[in-house]
Amino acid sequence: MVVKRPQVAVAVLVPVLVMFGIGLWGIDRGGMWRDEAVTFQVARRSLPQIWQLLHSVDAVHGLYYLLMHPVLALHPGEVALRVPSLCAAAATAGLIAALGARLARPRVGLWAGLLYAVTPMAGHFAQEGRSYALVAAGVAASTLLLARAVTADTDGNGRGDGGGCGDPEDEPVGRLARHARVVGWCAYGGVVAVTVLLHEFAVLILLAHAATLALARMPRRVWRDWACAAGAVLLVLLPLALISSGQAEQVAWLRPPGGGTVERLLRSFTGPTQLVLGPYLLLIALALRHPFTPPARRGELSLPTVALPLLLLPPAALIAVSRHWPLYDDRYVLYALAGAPLLAAAGAERLVLAARRVGLARREADGLMRGVGGDPGLGPGAGSGAGSGAGAGAGAGAGANSGSGPGFGPGFGPWSGPEPGLVRGVRVPYAATLAGVLAITLAFVSQLPVLRQDRDPAHRPDNLAVVSAAAAQRMSPGDPVLFLPSLGRRSALAYPKGFHGTRDIALEEPAPVSGTLYGRETGPDELRRRLAGLDRVWVVAEPYALKSAWYPSDPTERVKVTVVGEEFVPQAEFVRKGSILRLYVRRAPMM
């Protein structure tokens, strides 16, 4: 049977809409946290100022800032900041569905796309004003393009070894096939290149794709074309890698992964609740049960050969490297999440096919028993005919196991006649699809508390809007403010209204002009002189900066700590997760 395009379209569109709806829910949560604030203030700079910044810091996010520049130029706000990530997450759900439909069947794609959409990790980054959702969309798109390029390479002229058929009349067909092959691999390489420029750790997708080609035992021509595309990607990435290696202090906060890293990532990929985790892992195990479903011939992609390397290799490689050179964070491998719903959907499909084979066997046995028992209205010949009909149905069912089977709607099952394909008047393929959608809906409902909590601004590391609002309530025009350390200035950069009229006593040159994230501060001697003339000062500090164990390497930061600690005493304080707003007054002179 041929899969009709409407079934694929529905399988793709439904996850897109569901992911968009989930991501839109609570997207205006009323505050940016520190990483989003960096995107917000950098992307609103002029293009020369962004370019100047990238020479000293955040080169790894440079392309993302440039893409966000026109977005925030149209409407600078929190929702506009997050809309590109929301659209990318919705596109990722659709691309995963398209991949599942291509490698298995439309209902597998539908289930996989919906599973991705209801995963809390996907919903979290759909509302994050950073590049990670866009990277996930790029990886999903490149994986789909890989599947298409491989098909064009192996089926373009009917052979996978690059040989022609030798007939002059077939030359136009051969030229078209070669053109399709070149276009396919160029599209694949272009998408991967853009993706790795959005975040360089996405380059690990090439490792996963290489493993996919190896598992599928691709012919040499496919390997050659893929290697050319991968080599071009690495050449494009090389300048960024060289620049970002000189900015390694940006990830100095990362620590080597501990014993619970893998478990936390597993729960993030599948779902944090036990009600979802157990069945999810069971379905993945079922999908990977030997032989793969469908069994891949040499040079043919199957769903597990694509999804398993995508799920495992990028996180495993980054965790292994981070044992010696800490680079791992779960957001850096968000794109690997796509492999989990694909495998779970394949496992569910395998479960449906197994149940169908059991039903066929029962019907065949019942038909034989009626025939042998001399059922009224059925002679031996009729019983034999029933048995052969069931056998034909079984053959059709086996054909459905081959992977590129029929769609998920009514009339697209593998049954040869109406009777075996009906359960109380509903066609089995349609009922199975609805059952899968219902199961995913239950998983979504069970994870609603997690999703609701994620939309609380307090769930993020900090909320700079609250800090700015507290400053507006407590500070007066002309009040001196000291940011400790200088990155504490991000609340004033993201929400300047709360600090309107105050004096930033340590600032020498504003952030956009200085080509830095938080501005260039004055030297230690000048700062000491400025502080000497103050009777009171507001300090906006990171919690660790007010602890006695913190000893900054920067001399200006040391002056802040020393002078405030020795010459001032705290009088009032506002504490919020991630930030402390404290009023200091000068100590009374000793008598």
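Worth saying up front: this structure is predicted, and the values here are computed from it rather than measured.
- Residues passing the side chain to side chain contact (heavy atoms under 4.5 Å, CB included) test with V182 are C186, sequence neighbours excluded.
- Under the 4.5 Å side-chain criterion, counting only non-hydrogen atoms from C-beta, L281 is in contact with L277.
- In terms of modelled atom types and a separation under 3.5 Å, the side chain of Q250 and the main chain of D58 share a donor-acceptor contact.
- A donor-acceptor distance shorter than 3.5 angstrom exists from the side chain of Q247 to the backbone of A59, with no hydrogens or angles considered.
- Partners of H55 according to the side chain to side chain contact (heavy atoms under 4.5 Å, CB included) rule, which considers only residues two or more places apart in sequence or in another chain, are W51.
- Remark: W325 CH2 is loosely packed, at most 12 non-hydrogen atoms of other residues, nucleotides or ligands lying under 6.0 Å away.
- Every side chain to side chain donor-acceptor pair (under 3.5 Å) that D35 has, sequence neighbours left out, goes to R331.
- Residues passing the ring pair (Phe, Tyr, Trp, His ring centres under 6.0 Å) test with F20, sequence neighbours excluded: none.
- Taking a cutoff of 4.0 Å between a charged side-chain nitrogen and a carboxylate oxygen, R82 and E128 do not qualify as a salt bridge.
- The ring pair (Phe, Tyr, Trp, His ring centres under 6.0 Å) check on F444 picks up nothing, with sequence neighbours excluded.
- A439 meets the side chain to side chain contact (heavy atoms under 4.5 Å, CB included) test with no other residue; sequence neighbours excluded.
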Could you go through residues 187-196 and list every donor-acceptor pair under 3.5 Å that involves a side-chain atom there, pairing it with any protein atom two or more places apart or in another chain?
{"from": "Y188", "atom 1": "OH", "to": "H209", "atom 2": "ND1", "distance (Å)": "2.7"}
{"from": "Y188", "atom 1": "OH", "to": "W226", "atom 2": "NE1", "distance (Å)": "3.0"}
{"from": "T195", "atom 1": "OG1", "to": "V191", "atom 2": "O", "distance (Å)": "2.7"}

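- Considering only residues two or more places apart in sequence or on other chains, S322 meets the side chain to side chain donor-acceptor pair (under 3.5 Å) condition with none of them.
- Of the possible donor and acceptor atoms, none in the side chain of Q7 sits under 3.5 Å from a partner among the backbone N and O of P106.
- Taking T39 as the reference, R130 meet the side chain to side chain donor-acceptor pair (under 3.5 Å) condition, with sequence neighbours excluded.
- A cation-pi contact, defined as under 6.0 Å to the ring centre and within 45° of the axis, links R44 to F40.
- Using a distance-only test at 3.5 Å, with no hydrogens or angles considered, a donor-acceptor pair links the side chain of Q127 to the main chain of W25.
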All N/O donor-acceptor pairs, side-chain side in residues 11-19, below 3.5 Å, sequence neighbours left out:
none

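- Shortest non-hydrogen contact noted between R107 and A432 is NH1-CB, 3.9 Å.
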List, one per line, each side-chain donor-acceptor pair under 3.5 Å for residues 115-125, sequence neighbours excluded.
{"from": "T119", "atom 1": "OG1", "to": "L115", "atom 2": "O", "distance (Å)": "2.6"}
{"from": "H124", "atom 1": "ND1", "to": "D454", "atom 2": "OD1", "distance (Å)": "2.6"}
{"from": "H124", "atom 1": "ND1", "to": "D454", "atom 2": "OD2", "distance (Å)": "3.3"}

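- Ring orientation note: the planes of Y332 and Y132 are tilted relative to one another, at an angle of 30° to 60°.
- The side chain to side chain contact (heavy atoms under 4.5 Å, CB included) search around A317 returns L204, L207, not counting sequence neighbours.
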